[in-house]
Structure formats: C-alpha cells, structure tokens
A.B. asks: 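Next up is a structure, given as structure tokens.
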Amino acid sequence: MTSTLRRTVSTVVAAIAATGALVLASPSAAHAAACSAGSGVTVVVDFGSLGGGVVTNCYPGDPATGLAALTGSGFTVTGTQRWGLAFVCRINGKPTAATEPCVNTPPASAYWSYWHAAPGGAWTYSSSGASSFNPAIGTVEGWRFGSGQQPSITAP
C-alpha cells in the first residue's frame, strides 16, 4: 500500500469515526428541551421540593404510555417493590432511598403526581396511571414531587 493510499484510508476512517460519534451523541442531546411542535411529547419533571429545579425533556415520536415518555425522554424511574413501575416512586434517584424506601405506595404528602397539558395550557391531574395513559404527540406530560401540586411552570 502506498503512503498516499494509507493517508487517504486513514482520513476516511477518521471521518467515519467522527461522524459516528456525532450520530451517537445526537439522541441524548435531542432530549434536553421541549419538543418542537408535532415532533414528540414534552416531559416536565419538577424536582423543586427535593432541592432541585424543573427539568424539561423531549420524547421524540409517539410513546405508547406516559411511563414510556418519561423514561424515553431520558429520566430514570424506580417503582415500588409491591407495585413495580405501576407506581413511580423515584425519578432520577429522587427522593433518596433514605427518605423513601419504595416498598409500598408513598404517603399522600410525598409522591410523584402526574399531569397532562397542551403546550401553554393548564395542567390537568391525571386520572390514569402513567403505565396506562397514552399521551398524544404534541402534548406535555408533567411530574411533581409533593402532595399533589401541579408542576410549578407553565406547560412549555
């Protein structure tokens, strides 16, 4: 193999590797904001009472359930030992295991309440669990830890 051919092959391999790295990085970067109109379901998680802020991510596409929108937009979820993921106990590790062991359902004063809204619209408390609700593309899903308050921001 000539030195010119080796350089060309090396350049092509480097370009492919760089392109591959960009493609692999794109999905996580796409989650970090509200969805653009009609592109997916926006997910808002209000960590305010747990010492955090409000995080807004995007589930690109049409999730089958609210739980799929929550996890598919980049949040980690822990259910309870008794009910599994049918009852969301922790989002991104909050509250901590020292505060809530996630054995059974948490008390009414300290749980993740689940909400729905249209972009810019009023929040509506969910009458269904996240495992059985099917959010429509273009809507907003909201979560807030506490005693059942709606997220502290307007639905983006």
A.B. asks: Report yes if the side chains of Thr105 and Tyr111 come closer than 4.5 Å at any heavy-atom pair, otherwise no.
C.D. replies: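 No; the side chains remain at least 4.5 Å from each other.
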A.B. asks: side-chain hydrogen bond (donor to acceptor under 3.5 Å, both in side chains) between His116 and Thr124: does it pass, once the steps are laid out?
C.D. replies: CA-CA 5 Å; His116 314 291; Thr124 302; over 6 Å; no
A.B. asks: To the nearest 0.5 angstrom, please state how far the CZ atom of Arg90 sits from the OG1 atom of Thr96.
C.D. replies: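 Reported value, rounded in 0.5 Å steps: 7.0 Å.
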A.B. asks: Check Gly66 against Pro135 and note the closest heavy-atom contact, atom names and distance.
C.D. replies: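 Minimum heavy-atom separation between Gly66 and Pro135: N-CD, 3.6 Å.
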A.B. asks: With rounding to the nearest 0.5 angstrom, report the OG to OH distance, Ser113 to Tyr125.
C.D. replies: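 Between Ser113 OG and Tyr125 OH, I get 6.0 Å after rounding to 0.5 Å.
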A.B. asks: According to side chain to side chain donor-acceptor pair (under 3.5 Å), does anything in residues 68-77 pair up with another residue at least two apart or in another chain? List the pairs.
C.D. replies: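 Qualifying pairs, neighbours excluded: Thr76-Asn92.
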A.B. asks: Are side-chain heavy atoms of Pro60 and Cys35 found at a separation under 4.5 Å?
C.D. replies: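 A side-chain contact under 4.5 Å is absent here.
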A.B. asks: Where the side chain of Glu100 meets the backbone of Ala98, is there a donor-acceptor pair that is under 3.5 Å apart?
C.D. replies: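 Side chain of Glu100 to backbone of Ala98: no pair is present.
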A.B. asks: Is Pro151 close to Val44 at the side-chain level, that is, under 4.5 Å between some pair of heavy atoms?
C.D. replies: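 Val44 reaches Pro151 side chain to side chain.
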A.B. asks: Considering all heavy atoms of both residues, which atom of Val41 and which atom of Glu141 are nearest to each other, and what is their separation?
C.D. replies: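 In terms of heavy atoms, the two residues are closest at CG1-CG, 3.6 Å.
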A.B. asks: How is the hydrophobic cluster of Trp143 composed, in terms of its other members, when Ile, Leu, Val, Met, Phe, Trp and Tyr link through side-chain heavy atoms under 4.5 Å apart, directly or indirectly?
C.D. replies: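 Trp143 shares its hydrophobic cluster with Val43, Val45, Phe47, Leu50, Val55, Leu67, Leu70, Phe75, Val77, Leu85, Val88, Ile91, Trp112, Tyr114, Phe133, Phe145.
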A.B. asks: Taking the side chain as C-beta and beyond, is there a heavy-atom pair between Ser132 and Thr65 under 4.5 Å?
C.D. replies: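 With C-beta onward as the side chain, the pair stays apart.
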A.B. asks: Quick check: closest heavy atoms across Arg144 and Gln150, and the distance to 0.1 Å?
C.D. replies: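 Between these two residues, the closest heavy atoms are NH1-O, 2.7 Å.
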A.B. asks: Given the rule that I, L, V, M, F, W and Y join up when any side-chain heavy atoms are under 4.5 Å apart, are Ile137 and Tyr59 in one cluster?
C.D. replies: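 In one cluster with Ile137: Tyr59, no.
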A.B. asks: Going by side chain to side chain donor-acceptor pair (under 3.5 Å), name the pairs with one or both residues in residues 35-54, residues two or more places apart or in two chains.
C.D. replies: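 Found Ser36-Ser39, Asp46-Ser152.
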A.B. asks: Can you tell me how far CG of Asn104 sits from CZ of Arg82, rounded to the nearest 0.5 angstrom?
C.D. replies: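 Going from CZ on Arg82 over to CG on Asn104, the span is 5.0 Å.
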A.B. asks: With sequence neighbours left out, which residue pairs that include part of residues 126-156 fulfil the disulfide (SG to SG under 2.5 Å) condition?
C.D. replies: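 Found none.
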A.B. asks: Applying disulfide (SG to SG under 2.5 Å), which residue pairs with at least one partner in residues 110-156 are found, sequence neighbours left out?
C.D. replies: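 Of all non-adjacent pairs touching residues 110-156, none passes disulfide (SG to SG under 2.5 Å).
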A.B. asks: Please list all pairs passing the disulfide (SG to SG under 2.5 Å) test where one or both residues lie in residues 96-147, with sequence neighbours left out.
C.D. replies: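 For residues 96-147, and leaving out neighbouring residues, the disulfide (SG to SG under 2.5 Å) pairs sorted by first residue read Cys89-Cys102.
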